[in-house]
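Contents: one structure, followed by commentary.
Only heavy atoms go into these numbers, but all of them, side chains included; no hydrogens, no water, no symmetry mates.
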Amino acid sequence: MSERSEAIRHSAESGFLSTVRGPQDVKRMTPEELAILAAEIRDFLVAKVSRTGGHLGPNLGVVELTLAMHRVFDSPLDRFLFDTGHQAYVHKMLTGRQAGFDQLRQRGGLSGYPSQAESEHDVIENSHASTALSYADGLAKAYALRGEARQVVAVVGDGALTGGMCWEALNNIAAAKNPLVIVVNDNGRSYAPTIGGLADHLSSLRLNPGYERVLDAVKDTLGATPIVGRPVYEMLHAVKTGIKDAVAPQAMFEDLGIKYVGPIDGHDVAAVESALRRAKGFGGPVIVHAVTRKGYGYRPAEDDEADCLHGPSSAFDVETGKLLAAPSLKWTNVFAEELVAIADARPDVVGITAAMGEPTGIATLARKYPERVYDVGIAEQHAVTSAAGLALGGLHPVVAVYATFLNRAFDQVLLDVAMHKLPVTFVLDRAGITGPDGPSHYGIWDMSVLGVVPGLRIAAPRDAATLREELREALDVDDGPTVLRFPTGAVAADLPAVRRVGGVDVLAESSGRDVLLVATGAFGHLGVEVAGRVAEQGYGVTVVDPRWVRPVAPEIVALARDHRLVVTVEDGVRAGGVGDAVAKALRDADVDVPVRDLGVPVAWHAHGSRAQILADLGLTAQDVAREVTGWLTRLEGPTPSFADPDTNVLRRESAK
């Protein structure tokens, strides 16, 4: 073990951090002890996240900020709302959850976001950004109506202020005038902290209720003075505003009617604490602008120009910050490379993303064609309607987001894009069960929700080859929107089709026609394995990959006519999913063949690895084969097509 690793291990297991059992322990510490504690917290974060993966950079940047919050306010009486929620690791540590970090984001361990099930100190599981201010507005109004003397503190940062909901909420917060502290964690490196006596003095002055009364009195007196009164007041007010703008670059907040303090050094506990205490005592909405550095205090994070080690997906080396796992071909990489290849030949292809350039692969296109890529920030609704505008202007936009985040822009997909039959392609990364980030990040809703959109077509590739092929097919569509969805992680080996029927790939078949197994997207390999297991029981199986799952291909209906049972398996919610769509298509065509659907139940499924969750849901080859065999044996009618399994061998030789 290196000296650095040993030092981190030692500080993570001893020192002041080991004595912190709750916020009260932090309140009793001296400034010198707080400085040591901050260093220990950073070592702890690096040590734990290096073993499990997680959001490292954002949490390294909010250590002092979180310490100051817990010294000024009294959680859980006072309510902390984190936006985005992945900034809450330090909060978890200071509220008695240090032991849970050994299993961070793993089955039975801590969530990567605030969680009501974990602690009374957590209010909302806020992993979809730009929502905390709306929660805070409602919560502050509720406490005011109930007469409860409780503070509401919303921590907004890591890009969340680029979301439109934040500005909608700010407008209402200003109008309501309830006590509410908004901490803007500005880690975008846009502003340098303004530190010193003048800035501190002006911050104190602006939050002094007497100052407001004096201003009102001056306004009334001068307003009543004929001729010179109004001009003098306007001059004085302009001077005050000019000084304020010089030291507070976010003066627009006060234009909304919300008091503003800052910018302050977010890595100075005393400075943050001083600002928060003044904000707490003001009695109305206050914004405290803290400038922080993402990844602060850990050299590999500070040196990472791309995202300051925002969220290593798995274990990494403490010395270098590099992932320990061997690199593998990722779905995202395949998409990114193919998109650039298409863009080379098609100048009409442009990219849009919502603050997810690197994670979705759009950054690869941006590096080659920066003028053809638009990152709109955390604003999925705007991204979709802006894409509609691009399409109206003769381009073919590719909107790349995580599947879970397109939920936020359903109205725009439906009425701004689809109703106008616009050629916009949505590429949904992390579709299906994604695992460690928990239920808010599972991309399990898209096939169900988007299935009701008229004219929209959904493709689900099973491997790298079909991803490339289906992306090109999507971009050739010019009379409506298309969706390409794929899971997270490594791409399985290519799975060639035995043959293609229309647009449907037949992955395996036998001479028997007992069951048609419709395997959606990445479940193609599972389908072939299931077919082999079921064939061992003497049943004939045909496995198909529909490739384009919505609308249901007529070839699926035709193939269903020749089988005794149709089974669908999908990595999405069953309600309204592919299984429902296939069943409806068969009913509409008067094909009286029973349909059984396997997928994700409509529920909130706890975080864990993708493999663990799929096993829990019965979506493994063994489980599916058992279900299919059971359904076949219970069907009325003739016995299996062949008594001898050897005569019912799956045919895949032509694909080899």
Side-chain angles (χ1 to χ4, degrees), residues 1-73 75 80 82 86-105 109-110 112 114 118-119 121 155 185 187 265-273 276 290 292-303 308-309 311-312 315-321:
M1 181 179 292
S2 69
E3 291 184 5
R4 167 70 174 167
S5 300
E6 176 60 28
I8 287 178
R9 185 199 65 78
H10 177 74
S11 66
E13 297 173 358
S14 62
F16 287 111
L17 182 57
S18 64
T19 68
V20 175
R21 297 292 180 266
Q24 294 305 316
D25 296 321
V26 176
K27 291 179 185 292
R28 291 190 288 265
M29 289 187 173
T30 66
E32 293 76 15
E33 291 170 338
L34 286 172
I36 297 172
L37 176 62
E40 292 177 355
I41 287 173
R42 287 193 168 87
D43 284 348
F44 181 96
L45 286 170
V46 172
K48 300 302 181 182
V49 178
S50 70
R51 299 170 189 168
T52 64
H55 288 97
L56 181 62
N59 288 285
L60 291 171
V62 297
V63 175
E64 290 82 5
L65 191 60
T66 311
L67 287 170
M69 287 169 54
H70 277 290
R71 284 172 62 80
V72 172
F73 299 96
S75 177
F80 291 171
F82 288 89
H86 62 231
Q87 300 177 91
Y89 288 13
V90 182
H91 168 72
K92 288 174 182 269
M93 294 166 61
L94 300 181
T95 52
R97 285 172 275 177
Q98 296 176 31
F101 276 84
D102 287 329
Q103 291 183 289
L104 176 67
R105 302 169 68 247
L110 285 182
E118 283 181 11
S119 173
H121 294 276
V155 182
N185 171 29
N187 62 13
D265 182 355
H267 299 300
D268 183 333
V269 175
V272 179
E273 187 176 338
L276 290 177
T292 64
R293 288 183 61 189
K294 201 170 183 175
Y296 183 73
Y298 178 46
R299 177 62 64 184
E302 292 182 350
D303 290 344
C308 301
L309 288 184
F316 61 87
D317 180 76
V318 168
E319 296 291 333
T320 65

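Taking both residues in full, the closest heavy atoms of Glu319 and Tyr298 are given as N-OH, 4.5 Å, listed atom of the first, atom of the second, then distance. Listed here is the closest heavy atom pair of Leu65 and Asn185: CD2-CB, 4.1 Å. The nearest pair of heavy atoms linking Gly266 to Ala290 is CA-CB, 4.0 Å. Nearest heavy atoms, Arg97 versus Leu110: O-CD1, 3.5 Å. In this structure, Gly15 and Glu40 approach most closely via the heavy-atom pair CA-OE2, 3.3 Å. Minimum heavy-atom separation, Gln98 to Phe44: O-CZ, 3.5 Å.
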Under the side chain to side chain contact (heavy atoms under 4.5 Å, CB included) criterion, do Leu94 and Ile41 qualify, and how do the steps go? CA-CA 10 Å; Leu94 300 181; Ile41 287 173; 4.2 Å; yes
Before giving the answer on side chain to side chain contact (heavy atoms under 4.5 Å, CB included), spell out for Leu45 and Val90 the whole-Å C-alpha distance, their side-chain angles and the decisive distance to 0.1 Å. CA-CA 8 Å; Leu45 286 170; Val90 182; 4.1 Å; yes
Starting from the C-alpha separation in whole Å, work towards a yes-or-no answer on side chain to side chain contact (heavy atoms under 4.5 Å, CB included) for Leu104 and Tyr89. CA-CA 10 Å; Leu104 176 67; Tyr89 288 13; 3.7 Å; yes
Audit row: Val26, Leu34, side chain to side chain contact (heavy atoms under 4.5 Å, CB included) steps and yes/no: CA-CA 8 Å; Val26 176; Leu34 286 172; 4.1 Å; yes
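Residue Phe73 places its CZ atom among more than 12 non-hydrogen atoms of other residues, nucleotides or ligands, all under 6.0 Å distant.
Interatomic distance, CG of Leu56 versus NZ of Lys294, reported as 10.5 Å (0.5 Å rounding). Rounding to the nearest 0.5 Å gives a distance of 12.5 Å between NZ of Lys92 and OG1 of Thr66. Atoms OG and CE, on Ser75 and Met69 in that order, are 8.5 Å from each other to the nearest 0.5 Å. One finds the CG atom of Leu60 at 11.5 Å from the CZ atom of Arg293 (value rounded to the nearest 0.5 Å).
Side-chain atoms of Arg71 come within 3.5 Å of backbone N or O of Met29 as a donor-acceptor pair. Checking side-chain atoms of Arg51 against main-chain N and O of Ala315 turns up no donor-acceptor pair under 3.5 Å.
Looking at Asp317 and Ser50, their side chains never come closer than 4.5 Å, going by heavy atoms from C-beta outward. In this structure, Val155 and Val62 have side chains that are not in contact, with every pair of non-hydrogen atoms separated by 4.5 Å or more.
Between His70 and His91, the two ring planes are parallel [angle under 30°; tilted spans 30° to 60°].
Asp102 meets the salt bridge (Lys or Arg N to Asp or Glu O under 4.0 Å) test with Lys48; sequence neighbours excluded.
Glu64 has a carboxylate O that lies under 4.0 Å from a charged side-chain N of Arg42, or vice versa, which qualifies the two as a salt bridge.
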